[in-house]
Amino acid sequence: MHEGNSVIAPPAACSRVLDRTELPVDTVQLARFLIGKMLVRELAEGVAGGRIVETEAYPIGDAAGHAYRGITPRNQALFLERGHAYVYVAYGSSFMMNVSSETPGVGAGVLIRSIEPTDGISIMQRNRGTEQVRDLARGPGRLCAALGIDRRLDGIDLCQVGPLWLGSDGQSADEIGQGKRIGIIRAADSPLRFYVRGNCFVSGARALNR
DNA sequence: TTGGCGATTGGCT
DNA sequence: GCCAATCGCCAAT
């Protein structure tokens, strides 16, 4: 339905970087705010990235959140001021990327689940080992693989142009849907997942109707 | 020091 | 749709 967005949307590299003061100081609001924004990765081979079409909020006190049991060496980036990257490994082989979302010392974050590729398609195809554009960054593990995101980027500031940053191309987001988060056990019923309605680059179609 | 557990993915039925 | 692979992290021993 919205396949044309990848053609219509300006390249992520033309975005202006988000200023931290623009980010809502609330995890759930930030998850909604980030829909339609750009995620830009700068690599030696060039720029790759796209439009954020799916996020999940893991707010303060959320039993499903990695910050729930307090700060540890793994999750300390979640406790940085909003707008920093938290990258971790899930299931042994998939990296996941979050945006820290609260004030310094408070642990919470927004999981970036999917982007609609706009820049560096060939770079992402190589990183993912597939030609299928729809599958390049649909899902949190695929997204990180496509953009070459790993623990080395844990803790970096996303509100500053660099290896990985958040941008805005000035376009308003399409209609935003909201539903249950995917793949968790605890607090599974909270409607903390946000996505662009009808966008084919959103993951978890199966979970939509649960 | 160790055992269990995932905010997933991809291959196979 | 079902299920195995995979391994860093951390709570409990």
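Worth knowing before you read on, the calculation uses all heavy atoms, side chains too, and leaves out hydrogens, waters and symmetry mates. Because the structure is a prediction, the values reported are computed rather than measured.
Note on A:Arg193: every side-chain N or O is 4.0 Å or more away from OP1 and OP2 of B:dA7.
Residues passing the salt bridge (Lys or Arg N to Asp or Glu O under 4.0 Å) test with A:Glu175, sequence neighbours excluded: A:Arg197. A search for side-chain contact (heavy atoms from CB on, under 4.5 Å) contacts involving A:Ser101 returns A:Thr27, A:Leu30, A:Ala108, A:Val110, not counting sequence neighbours. By the salt bridge (Lys or Arg N to Asp or Glu O under 4.0 Å) test, A:Arg186 is found to be paired with no residue, residues two or more places apart in sequence or in another chain being considered. With sequence neighbours excluded, the residues satisfying side-chain contact (heavy atoms from CB on, under 4.5 Å) with A:Arg16 are A:Glu22, A:Ser168. Judged as a ring-ring contact (aromatic ring centres under 6.0 Å, His included), and not counting sequence neighbours, the contacts of A:Tyr88 are A:His66, A:Tyr86. Under the rule for a side-chain contact (heavy atoms from CB on, under 4.5 Å), the partners of A:Ala188 that lie at least two apart in sequence or sit in another chain are A:Ile184.
Remark: A:Leu34 CG to A:Ile112 CD1 distance equals 5.0 Å, nearest 0.5 Å.
Listed by first then second residue, pairs satisfying salt bridge (Lys or Arg N to Asp or Glu O under 4.0 Å) with a partner in residues 81-93 of chain A read A:Arg20-A:Glu81, not counting sequence neighbours.
Residues from residues 57-86 of chain A that place a heavy atom under 4.0 Å from any atom of DNA chain C, listed by number: A:Thr72, A:Pro73, A:Arg74. Within residues 95-110 of chain A, the residues having any heavy atom under 4.0 Å from DNA chain B are, by residue number, A:Met96, A:Asn98. Contacts between residues 135-152 of chain A and DNA chain B, counted as heavy-atom distances below 4.0 Å, involve A:Gly139, A:Pro140, A:Gly141, A:Arg142.
Looking at which nucleotide of DNA chain B each of A:Arg128 and A:Ile185 is closest to, the 5′-most match is held by A:Ile185.
Rounded to whole angstrom, the span from the OH atom of A:Tyr88 across to the P atom of C:dC9 amounts to 13 Å. Rounding to whole angstrom units, CG of residue A:Leu111 and P of B:dA7 are separated by 10 Å.
With hydrogens and angles disregarded, a donor-acceptor distance shorter than 3.5 Å links the side chain of A:Arg181 to the backbone of A:Ala57. Between the side chain of A:Glu56 and the backbone N or O of A:Arg113 there is no donor-acceptor pair closer than 3.5 Å. Distance alone, capped at 3.5 Å, places no donor-acceptor pair between the A:Arg32 side chain and the A:Gln178 backbone.
In DNA chain C, stems built from 3 or more consecutive Watson-Crick or G-U wobble pairs, each with both distances under 3.5 Å, span B:1-6 with C:7-12, B:8-12 with C:1-5.
You'll find the side chain of A:Ile52 stays beyond 4.5 Å of the side chain of A:Val196, heavy atoms only. Residues A:Gln125 and A:Val133 are in side-chain contact: their nearest non-hydrogen atoms beyond the backbone lie under 4.5 Å apart.
Considering A:Leu143, A:Leu136, A:Leu147 as possible partners of A:Pro117, the one that fulfils the side chain to side chain contact (heavy atoms under 4.5 Å, CB included) test is A:Leu136.
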Could you run down the sub-3.5 Å N/O contacts of the protein with nucleotides 4-7 of chain C?
residue	atom	partner	partner atom	Å
C:dT6	O2	A:Tyr91	O	2.5
C:dC7	O4'	A:Gly92	O	3.4

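In this structure, A:Val53 and A:Val202 approach most closely via the heavy-atom pair O-CG2, 3.6 Å.
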